[in-house]
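Right, one structure below, let's go through it.
Chain A is the first sequence line, chain B the second, and so forth, proteins listed ahead of strands; every chain is numbered from 1.
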There are 2 protein chains.
Amino acid sequence: MTDKKTGANPLFLREEELRQAIELLFFAYRDFTSEADAMLAHQGFGRAHHRVIYFVGRHPMISVSDLLLILKITKQSLSRVLSQLVRDGYIVQQQGTEDRRQRLLRLTDKGVAIERDLTEAQRQRIARAYREAGADAVAGFRAVLLGIMEPPDRSRFDRGRET
Amino acid sequence: MTDKKTGANPLFLREEELRQAIELLFFAYRDFTSEADAMLAHQGFGRAHHRVIYFVGRHPMISVSDLLLILKITKQSLSRVLSQLVRDGYIVQQQGTEDRRQRLLRLTDKGVAIERDLTEAQRQRIARAYREAGADAVAGFRAVLLGIMEPPDRSRFDRGRET
DNA sequence: GGCAATATGTCAACAAAGCTGACGTATTTT
DNA sequence: AAAATACGTCAGCTTTGTTGACATATTGCC
């Protein structure tokens with residue numbers, strides 16, 4: 001298709017640049033999740049448990065449907081993981097006051113503790129990468145990732161504030 | 001732990017900044033993979049098939065063991081997916097000339113075609129994000145993701161060239 | 001030449017985490 | 001009173017990872 005042999009071919013550079021981006025995401029995400037995955041395996045949990053614990057910790061008293069909007073999985077898939085976390089005492093459900101159909105979720109002390117341990121390795125990994133890359137690079141990292149994600153979730157990152 | 005109420009607390013800002021990074025990665029990766037996943041489901045394949053097709057396309061005549069080093073999965077997991085791709089005519093295996101124990105992998109025309117279709121959506125997504133964010137942001141994006149991944153794979157991104 | 005190491009493949013069993021479809025209950029909204 | 005919503009559950013299926021054991025072909029070394 002594109003004649004790769006032509007020396008200073010902008011199309012080739014673009015193709016190579018875009019493929020590198022794809023691979024950067026793959027390798028970075030693979031390593032980003034690997035440490036927490038290993039810790040979770042010890043506890044008999046998986047990455048899905050971490051995601052639930054993380055976002056419940058991040059948004060205390062979140063409703064089940066809002067959590068589903070974040071995770072973009074089916075309620076049946078969430079249910080299996082969430083039931084285990086409730087059963088094992090990491091999360092408690094509490095009936096909503098305004099809308100009593102809701103089962104609002106929050107971490108127990110035990111849940112907060114495991115969240116801290118699990119996320120700590122990821123935080124340190126990011127912190128090191130941020131420190132080594134510098135503030136300008138961090139701004140670029142944010143801008144590109146915001147551009148990659150679908151618009152609806154971008155607003156979660158407005159002004160360093162929670163939605 | 002850290003007193004969140006203190007107004008200009010650098011530790012709080014740092015904590016918020018790091019959590020946003022974690023979430024940026026989660027949301028961006030979730031959406032980055034979703035389109036190709038949907039196309040794959042049509043063909044009866046999954047994300048694992050895409051990864052194999054992608055990296056075989058990227059590194060023609062790659063050995064099975066080198067592919068395993070990239071994917072970091074077990075040979076049994078790879079074998080299942082790879083066998084299907086060979087059976088269905090997307091990949092051919094060819095005995096190595098220097099080391100005849102090797103089964104070097106390359107895409108067939110059919111494999112090249114599906115790789116192009118699958119990766120096209122991802123390339124366009126990245127291209128748009130790159131274009132909107134600008135060259136400096138792209139440099140920052142690369143620097144931070146390189147810092148997040150484990151060192152051994154960083155050399156794959158030296159000088160826009162393949163290893 | 002012989003033997004250990006390597007590259008690859010395969011069988012079997014299992015687990016995590018996603019999916020669809022169907023159905024039920026409590027509560028709110030219209 | 002009826003419809004819509006929030007949530008939960010049962011049942012079955014798929015993809016993709018895991019461990020462990022074992023087999024074959026080939027290479028490298030002493």
Side-chain angles (χ1 to χ4, degrees), chain A residues 26 29-30 33-34 36-56 61-88 91-105 118, chain B residues 26 29-30 33-34 36-56 61-88 91-105 118:
Chain A
F26 170 73
Y29 200 78
R30 183 199 63 182
T33 54
S34 65
D37 283 356
M39 296 178 58
L40 287 154
H42 272 253
Q43 323 269 145
F45 287 156
R47 195 182 299 179
H49 298 83
H50 187 190
R51 288 187 189 136
V52 171
I53 287 172
Y54 179 87
F55 283 109
V56 170
M61 306 309 277
I62 191 176
S63 71
V64 172
S65 46
D66 283 349
L67 185 52
L68 286 174
L69 287 178
I70 289 177
L71 299 175
K72 287 203 182 160
I73 58 176
T74 60
K75 65 173 176 174
Q76 293 93 326
S77 293
L78 172 58
S79 174
R80 183 175 29 205
V81 173
L82 186 53
S83 302
Q84 294 170 14
L85 291 172
V86 169
R87 166 171 53 72
D88 294 353
I91 287 179
V92 287
Q93 294 172 296
Q94 181 174 325
Q95 195 172 46
T97 51
E98 294 192 1
D99 186 337
R100 291 185 304 176
R101 291 172 301 181
Q102 295 180 328
R103 299 289 177 271
L104 305 180
L105 309 172
L118 284 173
Chain B
F26 170 74
Y29 201 78
R30 182 199 64 181
T33 54
S34 64
D37 284 357
M39 296 178 55
L40 286 154
H42 273 253
Q43 324 268 147
F45 287 157
R47 196 182 297 179
H49 298 84
H50 186 189
R51 286 185 192 137
V52 171
I53 287 173
Y54 178 87
F55 283 110
V56 170
M61 306 309 280
I62 191 176
S63 71
V64 171
S65 47
D66 282 349
L67 186 52
L68 286 173
L69 287 177
I70 288 177
L71 299 175
K72 286 201 182 162
I73 58 177
T74 61
K75 64 173 178 174
Q76 294 93 326
S77 292
L78 173 59
S79 175
R80 182 173 30 205
V81 173
L82 186 54
S83 303
Q84 294 170 14
L85 292 172
V86 169
R87 166 171 53 70
D88 294 353
I91 287 179
V92 287
Q93 295 173 296
Q94 180 173 326
Q95 195 172 46
T97 52
E98 293 193 1
D99 187 337
R100 289 185 306 177
R101 290 172 301 182
Q102 295 181 328
R103 299 288 177 271
L104 306 180
L105 309 172
L118 284 173

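Following rounding to the nearest Å, A/R87 (CZ) and D/dT9 (C1') show an atom-to-atom distance of 15 Å. Summarising the geometry, the separation between NE2 on B/H50 and C1' on D/dT15 is reported as 16 Å, rounded to the nearest angstrom. Distance, B/R30 CZ to C/dG18 C1': 15 Å, rounded to whole Å. Straight-line distance from the CG atom of A/L69 to the P atom of D/dC7: 10 Å, rounded to whole Å. Nucleotide D/dT18 holds its P atom 11 Å from the CG atom of B/L78, rounded to whole Å. Protein atom CG of B/L40 is 17 Å distant from nucleotide atom P of D/dT14, rounded to whole Å. Protein atom CG of B/L71 is 10 Å distant from nucleotide atom P of D/dT18, rounded to whole Å. Remark: P of C/dA15 and CZ of A/R47 are 20 Å apart, rounded to the nearest angstrom.
A/L40 pairs with exactly one of A/I53, A/L118, A/T33 by the side-chain contact (heavy atoms from CB on, under 4.5 Å) rule, that one being A/L118.
The phosphate of C/dG18 (OP1 or OP2) has no side-chain N or O of A/T74 nearer than 4.0 angstrom. Here B/H49 reaches the OP1 or OP2 of D/dT16: one of its side-chain N or O atoms lies under 4.0 Å away. Note on A/S77: every side-chain N or O is 4.0 Å or more away from OP1 and OP2 of C/dA17.
Here the side chain of B/H49 pairs a donor or acceptor atom with the backbone of B/G46 at under 3.5 angstrom. No donor-acceptor pair closer than 3.5 Å links the side chain of A/R100 to the backbone N or O of A/E98.
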- Just do the side chain to side chain contact (heavy atoms under 4.5 Å, CB included) check on A/I62 and A/I70 with the steps written out, would you? CA-CA 11 Å; A/I62 191 176; A/I70 289 177; 4.1 Å; yes

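Centroid-to-centroid, the aromatic rings of A/Y54 and B/F26 stay 6.0 Å apart or farther.
Contact of the A/R51 side chain with the A/I73 side chain is not registered, since no non-hydrogen atoms from C-beta on lie closer than 4.5 Å. With a 4.5 Å cut-off on side-chain heavy atoms, A/R80 and A/Q84 count as touching. In this structure, A/Q95 and A/Q102 have side chains that are not in contact, with every pair of non-hydrogen atoms separated by 4.5 Å or more. With a 4.5 Å cut-off on side-chain heavy atoms, B/L104 and B/T97 do not count as touching.
Using a 4.0 Å heavy-atom criterion, one finds that A/Q84 contacts no nucleic acid atom at all.
Taken over five-pair windows at either terminus, the axes of the helix from C/dG1-D/dC30 to C/dT30-D/dA1 are inclined to one another by 30° (rounded to 10 degrees).
Of the two residues contacting DNA chain C, namely A/G46 and A/R100, the nearest-nucleotide position lying further toward the 5' end is that of A/G46.
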- Task: Would you give a per-nucleotide map of nucleotides 2-14 of chain C, 5' to 3', where B means the base has a protein non-hydrogen atom under 4.0 Å away, S means only the sugar-phosphate does, and - means neither?
- Result: ----BSBBBB---

